[in-house]
Amino acid sequence: MQKILVTGGLGFIGSHTVVELQESGYEVVIIDNLSNSQIFVLDRIAEITGKKPEFHQIDLRNKEDVQQFFKSQKIDGVIHFAASKAVGESVKEPLKYYENNISTLVYVLKEMTENNVNHFIFSSSCTVYGQADELPITEKAPMKIAESPYGNTKQIGEEVLKETTSVSDLNGIALRYFNPIGAHSSAKIGELPIGVPQNLIPYITQTAIGIREELSVFGDDYDTEDGTAIRDYIHVVDLAKAHIKALERLIKSSNKEKFEVFNIGTGTGNSVLEIVKAFEKVTNQKLAYKIVERRAGDITAAFADTTLAEKELGWKADLSLEDCLLSAWNWEKAIRK
Ligand code: WQD
């Protein structure tokens with residue numbers, strides 16, 4: 001049985017990917033430092049799959065601990081989620097982001113190349129495109145100057161991976177996520193934002209359940225049909241499944257280049273107000289919101305051209321926007337019980 005290391009495996013996307021890995025027959029070992037996740041997620045994964053993954057509470061910024069881990073394990077591949085991901089926070093604390101998102105990547109890749117672990121999946125983001133000139137966005141769209149240290153760490157991360165694959169036996173795939181939302185159908189795992197949610201969907205569900213008074217819609221003067229910004233919202237379970245496809249591509253040596261990039265989205269864009277209306281319809285309840293100023297750094301519109309992932313990975317998003325919003329709502333209700 002192939003053993004896969006999932007760094008950040010107790011986080012939002014990480015935990016959903018661990019479930020899909022186990023259900024696809026892989027043995028999973030998780031490294032997480034619990035800085036942005038909670039230990040109860042480990043038991044929830046076991047409740048869903050019937051198998052409790054091996055877990056090590058390690059901070060990947062500790063080089064010696066990373067070395068020790070790889071010496072003590074026989075790992076077949078790595079899916080690397082562990083990173084800080086709050087755009088706003090990264091502007092205030094750039095060094096935290098360069099240390100936590102780049103140094104840790106370097107330590108993991110170094111140990112992989114020294115221990116002959118050659119399959120690596122990197123958690124990247126559509127943020128690397130900034131405001132793309134053409135929509136839908138293909139993988140050929142140029143990276144623009146990053147609008148935040150967070151976005152820059154994803155651009156640099158891809159470069160570090162690409163250059164490492166060109167001088168070693170390592171093969172890597174960067175998955176550029178659009179906007180991951182929703183939760184597992186069991187409502188046992190989902191998004192666990194710390195403090196005031198930065199992202200739209202958890203803010204909506206917390207407003208709907210009464211924790212937040214009303215949603216602030218960041219601007220309605222964008223050059224879009226209803227004036228609010230457009231994003232490509234993808235169900236986190238569809239996103240998790242894309243990681244399995246990418247890993248299998250490397251294990252079977254089906255990759256055509258040593259370093260490959262795939263956009264992982266639905267290919268459909270929805271505006272903030274369309275999301276609000278869809279949420280009201282799916283949950284049959286009104287959502288309190290007000291229009292406020294734009295949020296600094298936000299782009300007008302982004303949605304994916306998913307042709308490459310469909311053709312090369314044999315992957316396509318299955319779940320609908322309604323599935324996303326209903327699962328997010330069920331999760332919110334479950335954690336407030
Ligand atoms: C979506 C839309 C906001 C909150 C970021 C990162 C990206 C990825 C996902 C990590 C925007 C609007 C939001 C609110 C609002 N993160 N909004 N009121 O900014 O597209 O992407 O999160 O990988 O890398 O850049 O996601 O959910 O913050 O915002 O009106 O309270 O909702 O302006 O148009 P974003 P988001």
Side-chain angles (χ1 to χ4, degrees), residues 8 11-14 16-17 36 80-91 97 100-101 122-132 135 137 143-144 146-155 157-158 174-182 191 193 195-208 211-236 239 243 263-266 269-279 287-304 321 324-325 328:
F12 175 39
I13 306 167
H16 286 83
T17 303
N36 190 23
H80 183 58
F81 293 104
S84 300
K85 62 157 202 144
V87 172
E89 181 191 46
S90 76
V91 175
Y97 275 68
N100 197 39
N101 293 9
F122 179 60
S123 166
S124 189
S125 168
C126 63
T127 305
V128 303
Y129 298 114
Q131 177 57 69
L135 294 171
I137 304 173
M143 284 195 189
K144 297 222 173 146
E147 312 238 343
S148 69
Y150 163 74
N152 202 23
T153 65
K154 289 304 178 184
Q155 293 181 351
E158 287 194 16
L175 298 180
R176 290 176 181 165
Y177 311 156
F178 280 68
N179 287 58
I181 64 170
E191 205 163 356
V196 179
Q198 297 305 302
N199 294 131
L200 178 65
I201 303 309
Y203 204 104
I204 285 179
T205 57
Q206 289 192 12
T207 301
I211 295 171
R212 308 289 163 201
E213 202 159 302
E214 63 180 347
L215 169 72
S216 297
V217 173
F218 296 146
D220 69 346
D221 58 349
Y222 284 98
D223 181 15
T224 63
E225 212 168 293
D226 64 18
T228 63
I230 291 170
R231 297 289 185 274
D232 182 334
Y233 296 95
I234 177 169
H235 198 295
V236 65
L239 177 58
H243 290 77
N263 286 343
I264 303 297
T266 65
N270 286 109
S271 72
V272 177
L273 287 180
E274 283 172 345
I275 296 294
V276 169
K277 292 188 180 64
F279 183 81
L287 189 82
Y289 70 88
K290 64 183 175 187
I291 307 289
V292 299
E293 287 304 297
R294 293 185 179 192
R295 177 172 65 178
D298 275 355
I299 58 168
T300 301
F303 53 94
L321 179 64
C324 292
L325 296 173

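When a ligand or atom number is given, it counts from 1 through the structure's own listing order. Index from 1, following the sequence.
Nearest heavy atoms, Asn179 versus Cys126: OD1-SG, 4.4 Å. Nearest heavy-atom pair, Ala288 versus Thr207, reported as atom, atom and distance to 0.1 Å: O-CG2, 3.7 Å. Residues Leu215 and Ile204 come closest through the heavy atom pair CD2-CG1, 3.9 Å. The two residues Asn100 and Ser84 have their closest heavy-atom pair at ND2-OG, 2.8 Å. Counting all heavy atoms, side chain and backbone alike, Ile291 lies closest to Gly219 at CG2-C, 4.3 Å. Contact detail for Leu321 and Ile275: the closest heavy-atom pair is CD1-CD1, 3.6 Å.
Counting heavy-atom neighbours within 6.0 Å of Asp221 CG, excluding the residue itself, gives a total above 12.
Counting only distance, with no hydrogens or angles, the side chain of Lys144 and the backbone of Gln131 share a donor-acceptor pair below 3.5 Å.
The proximity of Arg294 to ligand 1, defined as any non-hydrogen pair under 4.0 Å, does not occur for either the backbone or the side chain. Proximity of Tyr233 to ligand 1, defined as any heavy-atom pair under 4.0 Å, is confined to the side chain (atoms from C-beta onward). By the criterion of a heavy-atom distance under 4.0 Å, the side chain of Leu215, and not its backbone, is placed next to ligand 1.
In summary, the atoms of ligand 1 found under 4.0 Å from a heavy atom of Val217, numbered by their order in the structure, are 30 (O). The ligand atoms of ligand 1 that sit less than 4.0 angstrom from a heavy atom of Val87 are 6 (C), 25 (O). Near Gln198, with a cut-off below 4.0 Å to any heavy atom, the atoms of ligand 1 are 4 (C), 28 (O). Taking a cut-off of under 4.0 Å to the non-hydrogen atoms of Asp298, the atoms of ligand 1 that pass are 3 (C), 33 (O).
Shortest contact from atom 16 (N) of ligand 1 to any protein heavy atom: Tyr150 OH, 4.1 Å. If you check which protein heavy atom lies closest to atom 35 (P) of ligand 1, you get Asn179 ND2, 3.5 Å. What sits closest to atom 5 (C) of ligand 1 on the protein, heavy atoms only, is Asn199 ND2, 3.9 Å. Closest to atom 28 (O) of ligand 1, if we only count protein heavy atoms, is Arg295 NH2, 2.9 Å. In terms of protein heavy-atom proximity, atom 20 (O) of ligand 1 is closest to Arg231 NE, 2.7 Å. In terms of protein heavy-atom proximity, atom 27 (O) of ligand 1 is closest to Leu200 N, 2.8 Å. When hydrogens are left out, the protein atom nearest atom 12 (C) of ligand 1 is Val272 CG2, 3.8 Å; that is the closest non-hydrogen contact. What sits closest to atom 18 (N) of ligand 1 on the protein, heavy atoms only, is Ser216 O, 2.8 Å.
The closest side-chain donor-acceptor pair between Tyr150 and Glu89, if any, does not fall under 3.5 angstrom.
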Evaluate the criterion side chain to side chain contact (heavy atoms under 4.5 Å, CB included) for residue pair Arg212 and Val196; output intermediate values, then yes/no. CA-CA 9 Å; Arg212 308 289 163 201; Val196 179; 3.8 Å; yes
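Distance screen at 4.0 Å: atom 1 (C) of ligand 1 has a protein heavy-atom neighbour inside the cut-off.
Look at Tyr222 and you'll find every heavy atom at least 4.0 Å from all atoms of ligand 1.
Between Ala229 and ligand 1, a contact under 3.5 Å exists for no N or O pair. Taking distance alone, with nitrogen or oxygen atoms compared against 3.5 Å, Lys85 stays at or beyond that limit from ligand 1.
None of Gln155, Glu158, Lys154 except one satisfies the side chain to side chain donor-acceptor pair (under 3.5 Å) rule with Ser124; the exception is Glu158.
Under the 4.5 Å side-chain criterion, counting only non-hydrogen atoms from C-beta, Ile137 is in contact with Phe178.
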